[in-house]
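Remarks on the structure that follows.
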Amino acid sequence: MHLFWHRSDLRVADNLGLADAADAVDDEEAVVPLFVLDDGILEHGSPVRVAFLLDCLADLRAAYRERGSDLLVRRGDASAVVPAVAAECDADRVVWNHDYSGLARERDEAVRAALDEQGTRHEQFHDAVLHEPGAIRTNAGDPYSVFSYFWKKWRDREKRDPVAAPDGDALADLDGDDLPALDTLGFDEPDANPVEAGQASAHRRLEAFCEEDIYRYDEAREYPAEAATSRLSQDLSFGSIGVRTVFERTVQAMVDADDEPAREAVEEYQRQLAFREFYVQVLYFHPETVTENYDAYPKPIEWREDDAELQAWKEGRTGVPIVDAGMRQLREEGFVHNRVRMLVASFLTKDLLQDWRAGYAHFREHLVDHDTANDVGGWQWAASTGTDAQPYFRIFNPWSQQPEYDPDAEYVKAYVDELADVPTEKIHAWNELDADERDSLAPDYPDPIVDHGERREAALAMFERARGEDD
Ligand SMILES: Cc1cc2nc3c(=O)[nH]c(=O)nc-3n(C[C@H](O)[C@H](O)[C@H](O)COP(=O)(O)OP(=O)(O)OC[C@H]3O[C@@H](n4cnc5c(N)ncnc54)[C@H](O)[C@@H]3O)c2cc1C
């Protein structure tokens with residue numbers, strides 16, 4: 001028997017480790033699929049993500065049942081559970097796909113050690129990315145810290161094709177385990193309503209996107225009300241779709257493109273897939289950046305602490321409509337549009353002058369697509385502390401970004417009910433209206449909690465002190 005341990009790869013097709021395990025079994029053997037609800041990992045979970053995980057597991061189990069097999073679902077410490085299940089089902093080999101965060105790598109090391117001690121063979125595959133960390137390096141052999149150079153090599157390198165789902169013959173005929181209820185894992189029902197989980201839904205999203213929106217992606221992706229992005233982030237995070245499958249479909253879209261602008265739009269999308277892998281390799285080589293600034297300023301950055309302002313940001317009550325819309329989208333859907341993620345992150349770090357780690361913690365709690373590498377990468381970029389970060393003196397002005405990227409305030413009105421009937425030009429000028437006018441237009445919506453111009457100056461001074469420029 002071969003035991004296949006699922007982690008962030010909750011699918012049967014285009015799963016390199018699973019395909020290898022299925023290929024390796026002979027007529028007498030079969031693959032036993034396992035998922036471990038690991039307490040050490042659940043500790044970092046949140047209601048919306050654990051609920052989504054359970055939905056993905058139900059979907060994965062259904063895929064195995066369709067093939068005459070089932071999914072084992074066990075709870076506990078993976079370094080105890082994996083060897084125990086291997087022994088229980090007489091598996092002489094355990095296979096899984098790499099996960100690249102520091103926490104996952106520590107866990108894998110412990111599982112490998114326990115399997116070695118038991119004398120069970122094991123093998124791991126690079127599955128979650130098209131090019132594993134370290135595969136793409138500078139000419140001097142170092143990992144890249146600048147995305148644009150990484151991207152050129154990533155783009156030009158040959159990619160693997162997706163692999164098929166295993167045949168039912170290669171899978172063990174077994175009785176799977178029931179999935180636990182959310183509350184037995186210690187989580188409340190989430191408030192957010194994310195997109196539907198599972199392999200078929202992920203494929204539908206990919207197909208719908210590649211038929212149309214991919215050809216306008218390079219421009220439309222900036223406008224949150226357009227909803228013109230692929231919405232695959234949670235599927236890539238939980239692995240309900242394989243990245244080779246996504247990439248292959250974009251190659252087909254490139255072939256089907258009518259003209260050069262359409263091909264450029266497809267390439268812009270592929271560039272985002274490379275961004276994801278860039279951040280994976282940053283985290284792989286710098287696991288400490290989950291908590292530490294990547295770019296160490298000579299002096300500490302003197303972030304402010306102000307619980308009331310932090311709370312207003314979290315609740316979407318800053319009085320800056322596009323920021324509030326983003327923070328409310330986060331709570332309602334477990335998702336925020338990328339342009340708005342950049343804006344809310346900039347607002348927290350450069351207008352409220354608060355530590356990016358407070359924002360990261362909140363995103364980690366509420367984003368269904370939370371992915372350590374991308375989340376840390378995004379936050380450190382916005383806070384000007386990361387690789388390839390935006391320079392500290394480039395500070396988003398929400399009052400100009402809002403009319404530029406949400407000209408009809410469609411996105412704002414979709415999430416900020418108090419402003420639903422307020423004329424668009426008043427929403428864009430909310431900071432310039434006098435308090436009485438604001439009160440008459442939307443009595444329940446707050447005045448801006450900060451003056452952007454003043455806070456911008458304070459942010460510049462804060463970064464200059466951290467750079468030692470006031471000495
Ligand atoms: C502060 C901040 C936090 C973020 N946290 C996360 C996170 O936890 N998980 C996450 O997947 N993305 C994160 N992102 C990146 C990005 O916002 C999301 O990937 C994107 O909005 C997801 O929507 P989509 O699937 O429609 O993306 P699309 O635009 O359709 O892009 C396709 C895929 O490419 C990848 N991608 C796109 N943009 C980026 C990017 N800027 N960086 C890295 N990968 C990217 C994602 O896997 C995405 O699903 C964050 C960005 C910021 C600024």
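Excluded from the calculations below are hydrogen atoms, water molecules and symmetry mates; all remaining heavy atoms, backbone and side chain alike, are included. Counting starts at 1 for both ligands and their atoms, in listed order.
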> Roughly how far apart are L71 CG and F35 CZ, rounded to 0.5 Å?
Replying inline: 8.5 Å
> Is it true that R244 and D127 have a side-chain N and a carboxylate O under 4.0 angstrom from each other?
Replying inline: yes
> Which residue pairs pass the salt bridge (charged side-chain N to carboxylate O under 4.0 Å, His left out) test when at least one of the two sits in residues 359-387, sequence neighbours left out?
Replying inline: R341-D369
>> Tell me which pairs pass ring-ring contact (aromatic ring centres under 6.0 Å, His included) where either residue lies in residues 190-225, with sequence neighbours left out.
In response: F209-Y217, F209-Y269, Y217-Y269, Y223-Y405
>> H370 and ring pair (Phe, Tyr, Trp, His ring centres under 6.0 Å): which single residue from F52, Y360, F238 fits?
In response: Y360
Could you go through ligand 1 and list every pair where one of its N or O atoms sits under 3.5 Å from a protein N or O, giving the atom names and the distance to one decimal?
unit_1	atom_1	unit_2	atom_2	d
ligand 1	5 (N)	R341	NH1	3.4
ligand 1	5 (N)	D375	OD1	3.1
ligand 1	8 (O)	D371	N	3.0
ligand 1	9 (N)	D369	O	3.0
ligand 1	9 (N)	D369	OD1	3.4
ligand 1	11 (O)	N374	ND2	3.1
ligand 1	12 (N)	N374	ND2	3.4
ligand 1	17 (O)	N338	OD1	2.7
ligand 1	17 (O)	R341	NE	3.3
ligand 1	25 (O)	L232	N	3.0
ligand 1	25 (O)	S233	N	3.0
ligand 1	26 (O)	T229	OG1	2.6
ligand 1	26 (O)	S230	N	3.4
ligand 1	26 (O)	R231	N	2.7
ligand 1	29 (O)	Y217	OH	2.5
ligand 1	30 (O)	S230	N	2.8
ligand 1	30 (O)	S230	OG	2.6
ligand 1	38 (N)	Q272	OE1	3.4
ligand 1	44 (N)	N374	ND2	3.3
ligand 1	49 (O)	S233	N	3.2

>> Applying ring-ring contact (aromatic ring centres under 6.0 Å, His included) as the test, list every pair that has at least one member in residues 315-338; sequence neighbours left out.
In response: none
